[in-house]
Amino acid sequence: MINYNPETVSTDYDMCDRLYFDELTFERVMDIIDLETPHGVIVSTGGQIPNNLAMKLDAQNVPILGTTAKDIDNCEDRDQFSSMLDRIGVDQPEWAALTSMDDMNSFIDRVGFPVLVRPSYVLSGAAMNVCSNREELEKFLQLAANISQEHPVVVSKFIEHAKEIDFDGVAKDGEIIAYAISEHVEFAGVHSGDATLQFPPQKLYVETVRRIKRISKQIAKELHISGPFNCQYMAKDNDILVIETNLRASRSFPFVSKVLKYNFIDLATKIMLGVPFEKPNKNLFDLDYVGIKASQFSFNRLQKADPVLGVDMASTGEVGCIGDDTSCALLKSMLSVGLRIPKKTILLSTGDAKQKAEMLDAAKELFKNGYELFATGGTYKYLTEQGIECKEVFWPSEEKQPQALDMLRNKEIDMVVNIPKNHSVSELSNGYKIRRAAIDLNVPLLTNSRLASAFIHAFCTMSLDDINIRSWQEY
């Protein structure tokens, strides 16, 4: 909430009476508004909760600075936002709000697996899940209280092996003033709050970037955005699909501001206050270094939690690092969130056939750099067929030696790469036991093939001595 005299504010504006809350409720906010009588309220810098209050505040004639409550509602309402995208000719993953199992089966028969499922109410805190077959779908839906008119389930087609891209922007009256495009190291399917973010993007087609800018301009214009916003996209073979748009500052706003050395939220606030601002020079976006934002997890404090990344957010913090190239920035960020470069031995369990193929170059790099490789059954067979020397270890359910769990307990493994294949009983018992043991025994663990490959390439091509320690100002 902001009190100021619009007649006397200058370009170096003074914001006062900033109020921050651990828990925001409509009643508490109204109490403070009654007491403070502010010039206006900004709802776009506190995450999703204040955004959700926009319509209620507007109904009480509280001045909302920046994007209007009606446009925020048009963006937040899935039906309205989807209709808007259809109207302006922008693609999105096919989706439906379903109220019965018959509707669910009909939708899946039409679009096929995998699908992203979001029950309106679930037990155990699971908000959504990617289901690859009917068995997984039925197991996940058992968590839901019911499927009915009152509790519809939103199901959308999930695009495999698609790149996920973030667009952070600041707009005024629907015109984009500043923007930053970042790409996730992991493929789509990892929550954006958990994903490893790379800015500027290093592996996007020029045409993909061009299309994302064009679509973002259309969305900003249609929603009359004034202030910060974030769009999330999936891209596969230059086909761009909109995942969602948030008319608020995202968690990547401070990250891209630091990397660009241009304060996005400062610009957004000036626009929302209606005070003069300078449009950034395009040369600011031409960078000769790379930033990586890596997520911090606390699985070691969560007893029995499975340390696997998915569409439900699990991170408890994040670290941003800058380097001369991707490998340097990634190595800095991974070390900063607690991973260690392995000294000698690595245990590999690399998931299904596609994931094994994705990890092949990384396994070759490890072998060439003198690492001693251990692998579980399927991975062992695949690597030996590819001419990579490794030793077979056995799952907890197999009564053979050497046992993977024993090697972890005896500190014979320096790093574990365990890529979950599926949600079968065997995977949930064997894979989970190894992942959990690695966390409990403080052994570095990677569970995503794209991130594991990038980290392995980084520490195989440069050492700690190669990392240049520089201040932020030196870049």
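Since the model is a prediction, treat every value here as computed from it, not as a measurement. Side chains included, hydrogens not; waters and symmetry mates left out as well; all remaining heavy atoms used.
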Could you check if a side-chain atom of [X] sits within less than 4.5 angstrom of a side-chain atom of [Y], using non-hydrogen atoms only?
X	Y	result
Tyr380	Thr376	no
Ile388	Tyr382	no
Phe253	Val170	yes

Verify, without hydrogens or angle tests, whether [X] (side chain) and [Y] (backbone) share a donor-acceptor contact under 3.5 angstrom.
X	Y	value
Asn430	Ser397	yes
Lys356	Leu383	no
Asp237	Asp239	no
Asn410	Glu412	no
Trp472	Lys258	yes
Arg211	Asn238	yes

Inset, instruction - Decide if atom CD of Glu474 counts as having more than 12 heavy atoms of other residues, nucleotides or ligands within a radius under 6.0 Å. - result: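 Yes, because the 6.0 Å sphere around CD of Glu474 holds more than 12 heavy atoms from other groups.
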
Inset, instruction - Check whether more than 12 heavy atoms from other residues, nucleotides or ligands sit under 6.0 Å from atom CD of Glu399, and answer yes or no. - result: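 Check fails, neighbour count at 12 or below.
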
N-O pairing of [X] and [Y] below 4.0 Å:
X	Y	answer
Glu392	Lys400	no
Glu207	Arg210	yes
Arg110	Glu94	yes
Asp440	Arg436	yes
Arg251	Asp168	no

How far apart are the closest heavy atoms of [X] and [Y], and which atoms are they?
X	Y	value
Glu372	Phe374	OE2-CZ, 3.4 Å
Leu405	Ala437	CD2-CB, 3.6 Å
Phe199	Val259	CD2-CG1, 3.6 Å
Leu330	Ile292	N-CG1, 3.7 Å
Pro254	Ser250	CD-O, 3.8 Å

For [X] and [Y], test the side chains for any donor-to-acceptor distance below 3.5 angstrom and give the result as yes or no.
X	Y	answer
His184	Asp166	yes
Ser257	Asn263	no
Asp194	Ser295	no
Ser106	Asp103	no
Glu186	Thr196	yes
Glu183	Gln198	yes
Tyr233	Ser216	yes
Ser449	Gln355	no
Glu76	Gln48	yes
His191	Glu164	no
Thr379	Ser349	no
Asp86	Gln92	yes

Legend entry - Tyr179 and Phe167 aromatic ring geometry - parallel, tilted or perpendicular at 30°/60° bounds: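 Geometry flag for Tyr179 against Phe167: parallel rings.
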
Inset, instruction - For the pair Phe297 and Phe299, name the ring-plane relationship: parallel under 30°, tilted 30 to 60°, perpendicular over 60°. - result: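 Parallel.
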
Inset, instruction - Measure the spacing between OG1 of Thr447 and CG of Leu445 and express it to the nearest 0.5 Å. - result: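 Separation between the atoms: 6.0 Å.
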
Inset, instruction - Evaluate the side chain to side chain contact (heavy atoms under 4.5 Å, CB included) criterion for residues Leu366 and Phe459: first the C-alpha distance (whole Å), next the side-chain angles of each, then the deciding distance (0.1 Å), finally the verdict. - result: CA-CA 10 Å; Leu366 291 171; Phe459 69 70; 3.8 Å; yes

Legend entry - Test side chain to side chain donor-acceptor pair (under 3.5 Å) applied to Lys163 - qualifying residues, sequence neighbours left out: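 Side chain to side chain donor-acceptor pair (under 3.5 Å) list for Lys163, sorted by chain: empty.
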
Legend entry - Asn105: partners by side chain to side chain donor-acceptor pair (under 3.5 Å), with sequence neighbours left out: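 Here the qualifying residues are Arg134.
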
Legend entry - Residues Arg409, Asp406; criterion salt bridge (Lys or Arg N to Asp or Glu O under 4.0 Å); working and verdict: CA-CA 5 Å; Arg409 292 179 185 125; Asp406 291 339; 3.6 Å; yes

Legend entry - Val242, Asn246, Ile165 screened by side-chain contact (heavy atoms from CB on, under 4.5 Å) with Gln232, the one that passes: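 With Gln232 as partner, Val242, Asn246, Ile165 yield a single side-chain contact (heavy atoms from CB on, under 4.5 Å), made by Asn246.
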
Inset, instruction - Would you please indicate yes or no on a ring centroid separation below 6.0 angstrom for Phe367 and Tyr371? - result: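 Centroid separation for Tyr371 and Phe367: 6.0 Å or greater.
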
